Protein chains: 2
Amino acid sequence: MDVFLAISEPTRRGILDMLAEGERPAGDFVAAFPGLTQPGVSRHLRILLTVGLVSVRPLSQKRLYSLEPKKLAELDRWLERYRGFWDGRLNALERHLDRKKASRQSKPERKPS
Amino acid sequence: MDVFLAISEPTRRGILDMLAEGERPAGDFVAAFPGLTQPGVSRHLRILLTVGLVSVRPLSQKRLYSLEPKKLAELDRWLERYRGFWDGRLNALERHLDRKKASRQSKPERKPS
DNA sequence: ACATTATATAAGCCATTCGTTATATTATTC
DNA sequence: GAATAATATAACGAATGGCTTATATAATGT
């Protein structure tokens, strides 16, 4: 299983989306996806972990998952080839860069759980 | 089948990569992937077509496929959320923007201070 | 009309994946 | 140490995906 296959699953993208806001215990995902059972969610986490899209650290009985951005950069590098093919994209990039540059001295913060 | 699933397959990414260089007849892909049979390639093209990642126009017996960038922009919009999580990305973006700007105006600026 | 070229569709097989229930593991609390 | 809480693993069935061979469609050339 590679990164592309890993993010092809909606639930796993949902998990990543939640992790974009910060570190979270596995239980949060179980609660967030009522359509799935706990083992089901656990398996998705396992997949994201083995692929390298997330990492874990134990906190008592809990396991805190967090985003592993380097792997997502892989995906971005693939898209790189196609960027410039669509219009309207440039403005979005410029806006993003402006935000980035404006907050360059401050590190991106992570919400504690 | 959605865009994420469509690009999760290596052969289909290969097809898109070839299309990044321009319009191509179906036969080109059959030739480019010796590990697959013609119907196998045809099915991948069908999938890319139904998802909206490519389009076709007939030219005599041939069918010319070309990239449909708008659909890839969808993927990019998803990644947007995560951009800014990895380092080193900024420079690549800036380089790209510089290229873009350079092609839009006659005199590109070397480095903003 | 018939053969050829280019591509698509059909049918079937095998591998993978996703979900489930049941059970195991690990840490905490009483 | 027994009970509880949080999470992981095992085993398995159902669905999906991708590949194949065989066949169909469509346009071109003779």
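In the text below, chain A, chain B and the rest are named by the order of the sequence lines, each starting its count at 1. This one's a predicted model, so the numbers in the text were calculated from it and none came from an experiment.
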Quick one: [X] [atom1] to [N] [atom2], roughly how many Å, whole number?
X       : N      : atom1 : atom2 : result
B:Leu64 : D:dA27 : CG    : P     : 14 Å
B:Phe29 : C:dA6  : CZ    : C1'   : 14 Å
A:Phe4  : D:dG17 : CZ    : P     : 19 Å
B:Arg63 : D:dT25 : CZ    : C1'   : 10 Å
B:Arg46 : D:dG18 : CZ    : C1'   : 16 Å
A:Leu45 : D:dA8  : CG    : C1'   : 10 Å
B:Lys62 : C:dA8  : NZ    : P     : 13 Å
A:Arg24 : D:dT7  : CZ    : C1'   : 17 Å

Between the side chain of [X] and the main-chain N/O of [Y], is any donor-acceptor distance below 3.5 Å?
X       : Y       : result
A:Ser42 : A:Gln38 : no
B:Tyr82 : A:Leu67 : no
B:Arg63 : B:Ala26 : no

Audit row: A:Leu49, A:Leu45, side chain to side chain contact (heavy atoms under 4.5 Å, CB included) steps and yes/no: CA-CA 6 Å; A:Leu49 192 65; A:Leu45 288 170; over 6 Å; no
Over all atoms of both residues, closest heavy-atom pair of A:Met18 and A:Asp28: CE-O, 4.0 Å
Touch class at under 4.0 angstrom, heavy-atom based, for A:Tyr65 against every strand present: sugar-phosphate
Salt bridge present between A:Arg83 and A:Glu80 (N-O < 4.0 angstrom):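 So A:Arg83 pairs with A:Glu80 through a salt bridge.
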Charged N-O contact under 4.0 Å between A:Asp76 and B:Arg81: no
Contact pattern, 5' to 3', of nucleotides 18-29 of chain C - B, S or - by protein heavy atom under 4.0 Å: BBBBB----SS-
Test log, rule side chain to side chain contact (heavy atoms under 4.5 Å, CB included), inputs A:Leu53 and A:Glu68: CA-CA 5 Å; A:Leu53 278 168; A:Glu68 211 56 49; 5.5 Å; no
Global bending angle along the helix from C:dA1-D:dT30 to C:dC30-D:dG1, which compares the axes of five pairs at either end, to 10 degrees: 10°
Qualifying residues under salt bridge (Lys or Arg N to Asp or Glu O under 4.0 Å), relative to B:Lys71, sequence neighbours excluded: B:Glu74
